[in-house]
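In what follows, chains carry the letters A, B, and so on, assigned in the order in which the sequence lines appear, proteins first and then strands, with residues in each chain numbered from 1.
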Number of protein chains: 2
Amino acid sequence: MVVPSATGTEPRKITINDVAKSAGVSRQTVSRALNDKDEIDSVTKQRVLDAARALGYRPSRFARGLVRQDTMTIGLVIPDLLNPFFTEVAAAALEAARTRGWQVVVYDTGDRAEEELGTLQVISSQVDAVIGYFSCPESELEKFTRGMPVVLIGREQRTRFSAIQIDGAAGVHAAVAHLVAQGHTRIGMLDHHTRAEPSIRHEWFTTAATAHGIEAGLMVPADQTADGGGSALRELLADHPDVTAVFTFNDIIAIGALREARRLGRSIPQELAVIGFDGLQLGALVEPPLTSVALDTRRLGALAIEQVARLLSGEEALAADDLVVRGELRLSGSA
Amino acid sequence: MVVPSATGTEPRKITINDVAKSAGVSRQTVSRALNDKDEIDSVTKQRVLDAARALGYRPSRFARGLVRQDTMTIGLVIPDLLNPFFTEVAAAALEAARTRGWQVVVYDTGDRAEEELGTLQVISSQVDAVIGYFSCPESELEKFTRGMPVVLIGREQRTRFSAIQIDGAAGVHAAVAHLVAQGHTRIGMLDHHTRAEPSIRHEWFTTAATAHGIEAGLMVPADQTADGGGSALRELLADHPDVTAVFTFNDIIAIGALREARRLGRSIPQELAVIGFDGLQLGALVEPPLTSVALDTRRLGALAIEQVARLLSGEEALAADDLVVRGELRLSGSA
DNA sequence: AGCGCTCCCGTGAGCGCTCACGGGACTGCT
DNA sequence: AGCAGTCCCGTGAGCGCTCACGGGAGCGCT
């Protein structure tokens, strides 16, 4: 019952030897009691357990980990846990890791690319592998992860690392096809506000659009927030009032656009159809529910963990072609 | 450049001694090179670094942790990362932990109370402290966390553990006051669907309601989902068509109610005012934006980490009265 | 009595690393 | 030449734990 808390004085760590001495046995016997091993008398075992409890003993995970090489800890690095997409990815990774009994240390870089390197440096000496969504150049990544399995998420270009690729080409094509079938001919896109070049999702959009013989130049960059989506939509409609449908970089932007459309008095989907990307659960909460090119985030997490497992065990790693999550059009109320 | 991956054969761990041998120095010199210590020639240092890289050496966190007692890892146990409230709590805790250079291992029990014990058992030998939202009885908690600092979140009754208390009394009072000021007299509540007794939030509501001289008996239990909120609202309105305002257990339920109200053709807030609880960021995404009794989740996370720090260092712990996060009415479009 | 067996328990070794110390080689000074 | 001082580098010890082994005590059997 008495848990001796360190009261300002030297909180010397209680070791297995202290317990052994207190119980009048050897450290090995203590170890046996604690780990539920066989070769121990049940009376002795209870005595040891009591002593351990009385002293407030807790085994050192370091010492144990040093001798038993079984605990696996992987680091999950994401830009922003509050971004629902990454929340879903994280939840999926946690779930997949749990089935293997792995620990997951989560690092949120707060959308600051410069934090990535610091995080990576810390991480590199704390985990057995890394799963993450990085924006820093590959060379930097490589520098801090020497010899450690790394699985990237949503990295567009092929790298020397494993990467779970997100392929939305077919899904976006289906989305545009759907809009065209509904009679839309003027379709805009609210892209992600990247520095220079448009996103790969924009590429998918333009290919799909031209394949359907419609103009694909109606693009406005948007901040990756609901507000960003809203103002981008306003901007788009101001320049091109004849636009009747928009495809967005992701669901957050789409939801912002949805909200803005309502404020502008445009009914959805009659006067403006909206299709997002990601397929967040969140999309079902807004009204009307969001049509989206959905990603299977659970599969994404499972794939990442699976690949880490293979890299770690030296098994044959999954080929790049198997590490793909494809977007799939999920029809709902907004288009 | 060559990173010798374990190719099916015995993936023997490369130790500091291997690097030392390869570089023709002692292990201590290797340690010096890797840890950026002083007493080493820069040429030697480079040679060691090259050797380490060539061998794909990565220091063992266990061995390092065993001798340097500085890395702190805390476990964060939450029922469901996909529940936005817990996402915010987790993000806040991560942020607060980061400023201290602590690692955070996240465990998602998937809303299954029986998982809590298993998780706790694993956790108890893997982290230095636990922050979590548990539903299991205190006695069970105690059994698995002997001698380990534990900080609970939102635990209603006082326990022998530290707990960050959520006090919504004043906020809920303000919410009811606001509704009354708007002329509402028939105010319902969509409570959390607990087993037996109503939630403490419901208590706050009834006290606030009776204080304003209005009937507080209009309660319907709801699943903690948007759909749950929707059907609970439908049920409430079916039984009591004269209800013009609802207070909900949390924002998710409120958002579901909002959606359902729209479907029923009730305009918000004119024909139905809705006030939620939690103050999720999510509330700003729906239309109209949600009025809510908001919790400062960042403060919640910071408090939890702060308390853990004190428990860990043996400093004087924060008193229960300081470990309170108070709900505050945040007015928005829905009421 | 002697053997083998089971049931407990303890001892040495070692996991991979860092800390404290010691000591050689070289410099510059008296 | 002799000495202190600086700059490197290596050696023992030990962090706290588990594994492999050895061995004593007690039993029943031939």
Side-chain angles (χ1 to χ4, degrees), chain A residues 10-49 51-52 55-73 122 124-128 146-148, chain B residues 10-49 51-52 55-73 122 124-128 146-148:
Chain A
E10 171 74 1
R12 207 184 61 73
K13 196 83 160 86
I14 293 158
T15 78
I16 198 173
N17 289 307
D18 299 323
V19 179
K21 213 170 300 172
S22 163
V25 295
S26 74
R27 42 175 220 281
Q28 174 63 7
T29 301
V30 176
S31 175
R32 277 192 268 256
L34 265 53
N35 296 355
D36 233 38
K37 288 282 177 65
D38 263 356
E39 306 181 335
I40 185 172
D41 187 276
S42 63
V43 178
T44 318
K45 182 170 176 173
Q46 193 53 50
R47 184 156 41 96
V48 171
L49 258 32
L55 294 174
Y57 168 72
R58 288 197 325 112
S60 153
R61 67 172 179 283
F62 294 119
R64 177 175 296 181
L66 189 55
V67 47
R68 311 180 10 184
Q69 310 278 29
D70 52 0
T71 47
M72 202 52 75
T73 304
V122 172
S124 65
S125 60
Q126 297 291 351
V127 301
D128 301 303
R146 302 223 153 276
M148 181 164 49
Chain B
E10 170 74 4
R12 207 185 58 76
K13 196 87 159 88
I14 294 158
T15 77
I16 198 173
N17 289 308
D18 300 322
V19 179
K21 213 171 298 170
S22 162
V25 295
S26 76
R27 43 174 219 281
Q28 174 63 6
T29 301
V30 175
S31 176
R32 277 191 269 257
L34 264 55
N35 296 353
D36 234 37
K37 289 282 177 65
D38 262 356
E39 306 181 337
I40 185 173
D41 187 275
S42 63
V43 179
T44 318
K45 182 171 177 174
Q46 192 54 50
R47 184 157 41 97
V48 171
L49 258 32
L55 293 175
Y57 167 72
R58 287 197 325 113
S60 153
R61 66 173 180 284
F62 295 119
R64 178 174 295 179
L66 189 55
V67 46
R68 312 181 10 186
Q69 310 278 32
D70 52 1
T71 46
M72 201 53 77
T73 303
V122 172
S124 66
S125 59
Q126 296 291 351
V127 300
D128 301 302
R146 302 223 153 275
M148 180 164 50

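- Looking at every heavy atom in both residues, B:Ser26 comes nearest to B:Ala20 through C-CB, 3.7 Å.
- The phosphate of C:dC9 has OP1 or OP2 within less than 4.0 Å of a side-chain N or O from A:Thr44.
- One finds no side-chain N or O of B:Ser31 lying less than 4.0 angstrom from the OP1 or OP2 phosphate oxygen of C:dC17.
- Residues A:Asp18 and A:Lys13 fail the side-chain proximity criterion, which asks for heavy atoms closer than 4.5 Å.
- Comparing atom distances between the B:Arg68 side chain and each of D:dC19, C:dC19, C:dT11 picks out C:dC19 as nearest.
- For D:dG10, the base has a donor-acceptor partner in the side chain of B:Arg32 [N/O atoms by modelled type, under 3.5 angstrom].
- Residues B:Val48 and B:Ala33 come closest through the heavy atom pair CG1-CB, 3.7 Å.
- Among all heavy-atom pairs drawn from A:Leu55 and A:Ser22, the shortest one is CD1-CB, 3.9 Å.
- Looking at B:Arg47 and B:Val25, their side chains come closer than 4.5 Å, going by heavy atoms from C-beta outward.
- Of the residues near DNA chain C, A:Ser42 and B:Tyr57, the one whose nearest nucleotide (by heavy atom distance) lies more toward the 5' end is A:Ser42.
- In this structure, the CD atom of B:Gln69 is 6 Å from the P atom of D:dG16, given to the nearest Å.
- When both pairing distances are held under 3.5 Å, D:dT30 makes a Watson-Crick or G-U pair with C:dA1.
- Regarding A:Asp36, its CG atom lies at a distance of 17 Å from the C1' atom of D:dC17, rounded to whole Å.
- A straight line from CG of A:Asp41 to P of C:dC7 spans 12 Å, rounded to a whole angstrom.
- Evaluation of atom-type donor-acceptor distances gives no pair under 3.5 Å for the side chain of B:Glu39 against the base of D:dC7.
- Position along DNA chain D of the nearest nucleotide to B:Thr29 versus A:Ala63 favours B:Thr29 as the more 5'-ward residue.
- One interatomic measurement links the two molecules: CG of A:Asp38 to P of C:dC7, which rounds to 9 Å at whole-angstrom precision.
- B:Asn35 comes within contact range of the sugar-phosphate backbone alone, with a heavy-atom separation under 4.0 Å but no base atom that close.
- Listed nucleotides: C:dT11, D:dC17, C:dT18. Nearest to the side chain of B:Ile16: C:dT18.
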Could you list the protein-to-nucleotides 12-14 of chain C atom pairs, N/O on both sides, closer than 3.5 Å?
from   : atom 1 : to      : atom 2 : distance (Å)
C:dG12 : N7     : A:Arg27 : NH2    : 3.3
C:dG12 : O6     : A:Arg27 : NH2    : 2.5
C:dA13 : N6     : A:Arg27 : NH2    : 2.8

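- Under 4.0 angstrom from either OP1 or OP2 of D:dG16 there lies no side-chain N or O belonging to A:Thr15.
- Summarising the geometry, the separation between CG on B:Asp70 and P on D:dC15 is reported as 17 Å, rounded to the nearest angstrom.
- For D:dC17, neither phosphate oxygen OP1 nor OP2 lies less than 4.0 angstrom from any side-chain nitrogen or oxygen of A:Ser60.
- Using a 4.0 Å heavy-atom criterion, one finds that B:Leu66 contacts the bases of the nucleic acid, with or without backbone contacts as well.
- Spacing between atom NZ of B:Lys21 and atom P of D:dC9 amounts to 19 Å, rounded to whole angstrom units.
- One atom, CG of B:Asp18, and another, P of C:dC17, lie 9 Å apart when rounded to the nearest Å.
- The nearest pair of heavy atoms linking A:Ile40 to A:Thr44 is CG1-CB, 4.3 Å.
- Smallest separation of non-hydrogen atoms from A:Leu34 and A:Tyr57: CD2-CE2, 3.2 Å.
- Using a 3.5 Å distance cut-off with no hydrogens or angles, the side chains of A:Arg61 and A:Thr71 do not pair a donor with an acceptor.
- Among the atoms of the strands shown, only primed sugar atoms or phosphate atoms (P, OP1, OP2) are found under 4.0 Å from some heavy atom of A:Lys37.
- With rounding to whole Å, B:Arg61 atom CZ is found 14 Å from C:dG16 atom P.
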